[in-house]
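Note sheet for the following structure.
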There are 2 protein chains.
Amino acid sequence: MLIKTPKEIGLLVRDRRKARRWTQDALAQRLGVSRLWVVQLEQGKSTAQIGLVLRALNELDVPMQVDITPKDPAARVAASGGIDLDNIIRETSTPYRA
Amino acid sequence: MLIKTPKEIGLLVRDRRKARRWTQDALAQRLGVSRLWVVQLEQGKSTAQIGLVLRALNELDVPMQVDITPKDPAARVAASGGIDLDNIIRETSTPYRA
DNA sequence: CGTCATTGTCAGCGATCAATAACAATGCGA
DNA sequence: TCGCATTGTTATTGATCGCTGACAATGACG
């Protein structure tokens with residue numbers, strides 16, 4: 001399922017929340033936000049903060065993904081769990097750096 | 001690539017932007033936001049508004065997706081491009097509704 | 001129907017986003 | 001190295017987020 005708009009996120013959150021038979025209040029408490037915020041998120045609020053939205057999706061075990069392999073090493077590191085051999089080698093093999 | 005944090009989004013945006021050889025300023029103008037906002041997004045700003053973030057990803061042709069098929073018809077509709085036969089049938093076959 | 005749980009809406013308020021502007025830092029080719 | 005483009009940082013400010021609290025609407029169930 002492709003995600004292009006906040007409205008789609010809202011419907012998805014509502015669906016996954018209901019699949020678990022959680023109330024909006026229960027989800028809100030898990031996320032550390034108000035119930036009002038959950039209401040508005042499910043309604044497709046476009047101004048919700050990305051950090052909170054991602055936390056909600058994680059709490060509901062909804063994996064967000066992109067089918068792209070970044071060219072930038074730093075981005076690949078983030079994609080692969082935090083291990084960047086290239087960088088480690090470079091960092092530890094550069095001599096005479098005051 | 002799995003997306004779990006705003007930081008990953010930032011690195012991804014930077015990577016895709018550079019792949020197109022756009023400046024932060026150019027991307028900002030396409031999105032209708034300030035350059036400062038792009039700077040902060042790429043730095044992993046967790047308070048960026050979801051609507052703007054999705055617009056940025058769309059502008060960079062980065063498809064966000066989840067591998068879930070919602071049970072709620074409304075959510076499936078959003079997922080499949082806006083056609084909901086079930087709903088159309090129900091709506092058009094309910095007689096005598098004042 | 002009556003009751004209770006859940007969800008939706010509104011008002012008011014402190015905290016903070018995103019914008020603008022100015023300037024510093026970095027990068028990169030000539 | 002110099003000069004220019006790009007990126008990063010800071011301060012300020014109007015607009016608005018997310019919160020609390022209260023109340024209405026909806027839904028589920030006996």
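In this text, all values refer to a predicted model and were calculated from it rather than measured experimentally. All values below come from the heavy atoms of this structure, side chains included, with hydrogens, waters and symmetry mates left out. Lettering follows sequence order; numbering is per chain, from 1.
Across all strands, B:Thr23 comes closer than 4.0 Å only to sugar-phosphate atoms, never to a base (heavy-atom distances). Residue contacts for B:Arg21: at a heavy-atom cut-off of 4.0 Å it reaches no nucleic acid atom on any strand shown. Backbone-only engagement by A:Gln49 is indicated by non-hydrogen atom pairs under 4.0 Å involving sugar-phosphate atoms exclusively.
Of the candidate nucleotides C:dA19, C:dT9, D:dG18, D:dG18 has the atom nearest to the side chain of A:Lys45. Side-chain atoms of B:Leu36 lie closest to C:dA21 of the nucleotides C:dA21, C:dT7, D:dT7. Side chain of B:Trp37, nearest nucleotide from C:dA18, D:dG8, D:dG18: C:dA18. When distances run from any side-chain atom of B:Gln24 to the nucleotides D:dT7, C:dC17, C:dT7, the shortest one goes to D:dT7. Of the candidate nucleotides D:dT20, D:dG8, C:dT6, D:dG8 has the atom nearest to the side chain of B:Gln43.
Between the CH2 atom of B:Trp22 and the P atom of D:dT7 there is a distance of 13 Å, given to the nearest Å. One can place CG of B:Asp15 at 14 Å from P of D:dT7, the figure rounded to the nearest angstrom. Atom C1' of nucleotide D:dC17 and atom CG of B:Leu52 are separated by 13 Å, given to the nearest angstrom. When rounded to the nearest whole Å, the span between CD of B:Glu42 and C1' of D:dT9 equals 15 Å. Atom CG in A:Leu27 sits about 20 Å away from atom P in C:dA5, given to the nearest Å. With rounding to whole Å, A:Asp25 atom CG is found 15 Å from D:dA22 atom C1'. The distance between atom CD of A:Gln29 and atom P of C:dT6, rounded to the nearest whole Å, is 12 Å. Look at CD1 on A:Ile50: it is 16 Å from C1' on C:dA18, rounded to the nearest Å.
Panel note: side chain B:Glu8, backbone B:Lys4; a donor-acceptor pair is recorded below 3.5 Å.
Between B:Ile68 and A:Leu12, the closest heavy-atom pair is CG2-CD1, 4.4 Å. Between A:Pro63 and B:Leu2 the shortest heavy-atom distance is CB-CD2, 3.6 Å.
In terms of phosphate contacts, B:Arg35 brings no side-chain nitrogen or oxygen within less than 4.0 Å of OP1 or OP2 of D:dA5. Note on A:Ser34: every side-chain N or O is 4.0 Å or more away from OP1 and OP2 of D:dT20.
Note on B:Asp61 versus B:Arg16: no salt bridge recorded, every NZ/NE/NH1/NH2 to OD/OE distance being 4.0 Å or above.
Heavy-atom nearest nucleotides on DNA chain D were determined for B:Gln40 and for B:Lys18, and the one closer to the 5' end corresponds to B:Lys18.
Residues B:Gln49 and A:Gln49 bring no donor and acceptor atom of their side chains to less than 3.5 Å of each other.
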